[in-house]
Every structure is written in structure tokens, then in C-alpha cells.
Novice: 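Dropping the structure in here first, questions after.
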Amino acid sequence: MFSINLEGRAHALDFGEVFLTSEGQSLRTFEICSQCEFDLRVSLESDLGDQVTFQTSNENLKHEQKTDEESSDEDDNYNNLFNLHGLVKDIVLPPFQRETVVVIFTPRSSDIERKYNEPAHGDHLGASYNFYNADGRVFVRASLLSTMSRTITEEALEKKEISILA
């Protein structure tokens, strides 16, 4: 029905260290590939709630891919509003086509305080910070769309999961 390409990663999107700042978001991508002759409705969700959102494109990713020669100051190119615009929960995938999905992870400081109400840890420079590990999953479900009316069939034909590590 469909496959998922994680660009060489083994069934997980690792967001690494994401810091709680005004731009404390981390972006990763994966690709969904249709392997059938009908349109698919692909639904995206996560067990991390609104900490994980989805897009089909994001200008910040294009800026990250530029080399230092092409961009003199990377901070001038980053715009947090790109992470808030064009959010999707469903994608219509034509037969045998591919779609890149951008996954945006935004940790909530209230979750950290609620789960880990401990004193901050200091590093060797005297700075202090709070930290926690966030593990979750992305659920990708596909349903066939009718070729005549483009309405969704009742049964989901296939479901896949991707682990999220941060």
C-alpha cells in the first residue's frame, strides 16, 4: 500500500538535543511512497499531542541545506513562522507518488517542570539547565479514496509507526 523512507535511519526520527528557547523547535523529514494504483488518504498523528506537528514543506529546511558560502548569516534566514504555517494532518497521495513530510518537534516547558521538578544540573562552565527525554511515536495510516467521488473508504488499509527520540 505505502512505504516510509527515513533517509537511512532505522525506524526512528532522532531529534537530538532540543533547547527550550523562543525557537526551541527541531525539524526532521521522512518520505511516504504510494505503492498502489489508487489515491491514498494518509493520516498523520503522534502520541506526543501538539508537541509534534506536520507539514509538507518548510522554508527553514531549505535555509539549513545552504552552505556557508551561499548564506552569510544563517540566523537571518531562519523564521519561526515557517514552522507554524501550512500544518497538515492528512495528505492525499496520488498513485505511485512520493511526499516528503516535515515533522516539527516543539517541547513544552510546562511538561518538563511537571515531570522533572528537580534542581537544575550544572555543567563545567557553571551554567544550569533542566533536561528530560521525550520518547513518542508518529502514526501513519492510509485509506483508499474512491476514484469516482474521492470519498474515503471506511477501513484503514495499512498503519505504520515511527519512533521519536529527543
Novice: Indicate the atoms forming the closest heavy-atom contact of Pro94 with Ser34, along with that distance.
Specialist: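 That closest heavy-atom pairing would be O-CB, 3.5 Å.
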
Novice: Check for a donor-acceptor pair, side chain of Ser46 on one end and backbone N or O of Val52 on the other, with a separation under 3.5 Å.
Specialist: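 It does not hold such a pair.
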
Novice: Does any N or O in the side chain of Asn5 come within less than 3.5 Å of the main-chain N or O of Glu31, such that one atom is a donor and the other an acceptor?
Specialist: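 Answer holds: no.
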
Novice: Examine the side chains of Gln25 and Thr106 and answer whether a donor and an acceptor come within less than 3.5 Å of each other.
Specialist: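 Yes.
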
Novice: Look up atom SG in Cys33 and atom CG in Leu93, then write down how far apart they are to the nearest 0.5 Å.
Specialist: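 If I round to the nearest 0.5 Å, the distance is 8.0 Å.
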
Novice: So how far is it from Phe2 CZ to Arg141 CZ, rounded to the nearest 0.5 Å?
Specialist: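 Rounded to the nearest 0.5 Å, the CZ-CZ separation comes out at 10.0 Å.
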
Novice: For Val102 and Thr56, work out which heavy atoms get closest and say how close.
Specialist: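 That would be CG2-C, 4.3 Å.
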
Novice: How is the hydrophobic cluster of Phe96 composed, in terms of its other members, when Ile, Leu, Val, Met, Phe, Trp and Tyr link through side-chain heavy atoms under 4.5 Å apart, directly or indirectly?
Specialist: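 Its cluster partners, ordered by chain and number, are none at all.
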
Novice: Quick check for you: to the nearest 0.5 Å, what is the distance between Ile91 atom CD1 and Leu44 atom CG?
Specialist: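 The CD1 atom of Ile91 sits 4.5 Å away from the CG atom of Leu44.
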
Novice: Can you list the steps and then say if Ile104 with Asn58 is a side chain to side chain contact (heavy atoms under 4.5 Å, CB included)?
Specialist: CA-CA 10 Å; Ile104 303 167; Asn58 187 305; 4.1 Å; yes

Novice: Got Thr29 and Val103 here, is their nearest side-chain heavy-atom distance under 4.5 Å?
Specialist: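 Side chain of Thr29 against side chain of Val103, heavy atoms only: no contact under 4.5 Å found.
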
Novice: Kindly say whether Leu145 contributes a backbone atom to a donor-acceptor pair with the side chain of Asp39 at under 3.5 angstrom?
Specialist: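 A pair under 3.5 Å: no.
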
Novice: Taking atom CG of Leu61 and atom OG1 of Thr100, what is their separation to the nearest 0.5 Å?
Specialist: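 If we round to the nearest 0.5 Å, Leu61:CG and Thr100:OG1 are 9.5 Å apart.
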
Novice: Could you give me the CA-CA distance, side-chain angles and deciding distance for Phe105 and Leu48, then say whether side chain to side chain contact (heavy atoms under 4.5 Å, CB included) is met?
Specialist: CA-CA 9 Å; Phe105 174 63; Leu48 291 175; 4.2 Å; yes

Novice: From Cys36 SG over to Met1 CE, what is the distance, rounded to the nearest 0.5 angstrom?
Specialist: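 Going from the SG atom of Cys36 to the CE atom of Met1 covers 5.0 Å.
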
Novice: Could you measure the distance from the CD atom of Gln55 to the CG atom of Asn60? Nearest 0.5 Å is fine.
Specialist: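 One finds 8.5 Å between CD of Gln55 and CG of Asn60.
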
